[in-house]
Number of protein chains: 2
Amino acid sequence: MNYSRQREQILEYVKSVKTHPTAETVYQKVREDNSNISLGTVYRNLDRLSRDGYLLRIKMANDKDRFDGDVSKHYHAVCTHCNQVFDIFTNYLKDTDDKVSKELNCKVLSHDVIFNIICPDCERGF
Amino acid sequence: MNYSRQREQILEYVKSVKTHPTAETVYQKVREDNSNISLGTVYRNLDRLSRDGYLLRIKMANDKDRFDGDVSKHYHAVCTHCNQVFDIFTNYLKDTDDKVSKELNCKVLSHDVIFNIICPDCERGF
DNA sequence: CATGAAAGTAGTAATTGTTACTATTTTTAG
DNA sequence: CTAAAAATAGTAACAATTACTACTTTCATG
């Protein structure tokens, strides 16, 4: 993979925030430093970076994909009102893949968990 | 909610299968009985039926939504090769919503789990 | 029953998030 | 340096879904 400034900027931005930005948001933010970057480049590199393990792609139900600079195994919670995404580091299910593997008698690669929540901000009225 | 034949046919079809069909598949199948039904009607009613709790909408990562006539709490496994979706009835996490609720200090409505698997058929070569 | 307002539909157009394409520019091994 | 490989910008295309509109069906009420 050859170096590109655009990819570096994209990775740096996503790693620097905890907001789980969408491709569009990454585009807007990187454009503040590099007004020439194109949306296609952002999509292409987010895809590449997540396929190669530098980023996590969070596929949201009926919403745009989000990206996470924290590639450690953890879950996510999404507020059903404002769509903000939060990390959940506890309660990771270590043995579940094995259990399901025995149950279905097949190879289990990974699992994803999403909690549907109402975040504190939205709870206290908005 | 007023009666409609289309909605009845849609619900009946999804309830009758364990294949977790997409909207397009539901459209094709219902059309065998009712060649006048339109795709928009299928989308509209699948949405309505799942929002009202008659069906489950399974939002697949980077793939079309699937629908499940079994509205009991359970998880799903999707084969990363053939995209088939399977039900997983065991290992449902009863207390997890409460734990996450305490952790984030917010209301947790529900959670979804998807296991990424390689199904037996695909495993034995395809 | 008749009726008319509310709810639903068919068919099509529009939208949205994402991917593909092409000509040009950048990277990098030799 | 230089040329092949890789990457980009900008635009067009795509696929899944939603919105719109004119027409049809449902159903509570007289």
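Throughout, protein chains are lettered first and strands after them, A, B, ... in sequence-line order, and every chain is numbered starting at 1.
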Checklist entry - How would you give the extent of chain B contacts on DNA chain D, as first and last nucleotide 5' to 3' within a 4.0 Å heavy-atom cut-off? => result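 Footprint of chain B along DNA chain D, 5' to 3': dA16(D) to dC27(D).
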Next on the checklist: I'd like to know if the side chain of H81(B) and the backbone of C79(B) have a donor-acceptor N/O pair within less than 3.5 Å.
Outcome noted: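 Judged by distance alone, no pair lies under 3.5 Å.
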Item to check | Test side chain to side chain donor-acceptor pair (under 3.5 Å) applied to T22(A) - qualifying residues, sequence neighbours left out | outcome: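 With sequence neighbours excluded, T22(A) shows a side chain to side chain donor-acceptor pair (under 3.5 Å) to T25(A), given in chain and number order.
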Item to check | Set of residues satisfying side chain to side chain donor-acceptor pair (under 3.5 Å) with respect to E8(B), sequence neighbours excluded | outcome: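 Only Y3(B) meet the side chain to side chain donor-acceptor pair (under 3.5 Å) criterion with E8(B).
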Next on the checklist: What residues from residues 13-28 of chain A pass a heavy-atom cutoff of under 4.0 Å to DNA chain D?
Outcome noted: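 Within this stretch, nothing sits under 4.0 Å of the strand.
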Next on the checklist: Applying salt bridge (charged side-chain N to carboxylate O under 4.0 Å, His left out), can you list everything that pairs with R57(B), at least two apart in sequence or on another chain?
Outcome noted: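 R57(B): salt bridge (charged side-chain N to carboxylate O under 4.0 Å, His left out) contacts with D47(B), D65(B).
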Next on the checklist: Taking salt bridge (charged side-chain N to carboxylate O under 4.0 Å, His left out) as the definition, give me every residue that meets it alongside K102(B), ordered by chain and number, with sequence neighbours left out.
Outcome noted: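 Listed in chain order: nothing, the list is empty.
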Checklist entry - Reckon D65(B) touches a base, only the sugar-phosphate, or nothing at all at heavy-atom distances under 4.0 Å? => result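 Sugar-phosphate, no base atom in range.
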Checklist entry - Tell me the side chain to side chain donor-acceptor pair (under 3.5 Å) pairs involving residues 10-19 of chain A, sequence neighbours left out? => result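 Every pair satisfying side chain to side chain donor-acceptor pair (under 3.5 Å) with a residue in residues 10-19 of chain A: there are none.
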Item to check | Contact state string [nucleotides 7-15 of chain C, B base, S sugar-phosphate only, - no protein heavy atom under 4.0 Å] | outcome: SSBBB----
Could you work out, with side chain to side chain contact (heavy atoms under 4.5 Å, CB included) as the rule, every residue matching [X], not counting sequence neighbours?
{"X": "S35(A)", "answer": "none"}
{"X": "S4(A)", "answer": "Q6(A), R7(A)"}
{"X": "T96(A)", "answer": "L93(A), V100(A), F115(B)"}
{"X": "N105(A)", "answer": "none"}

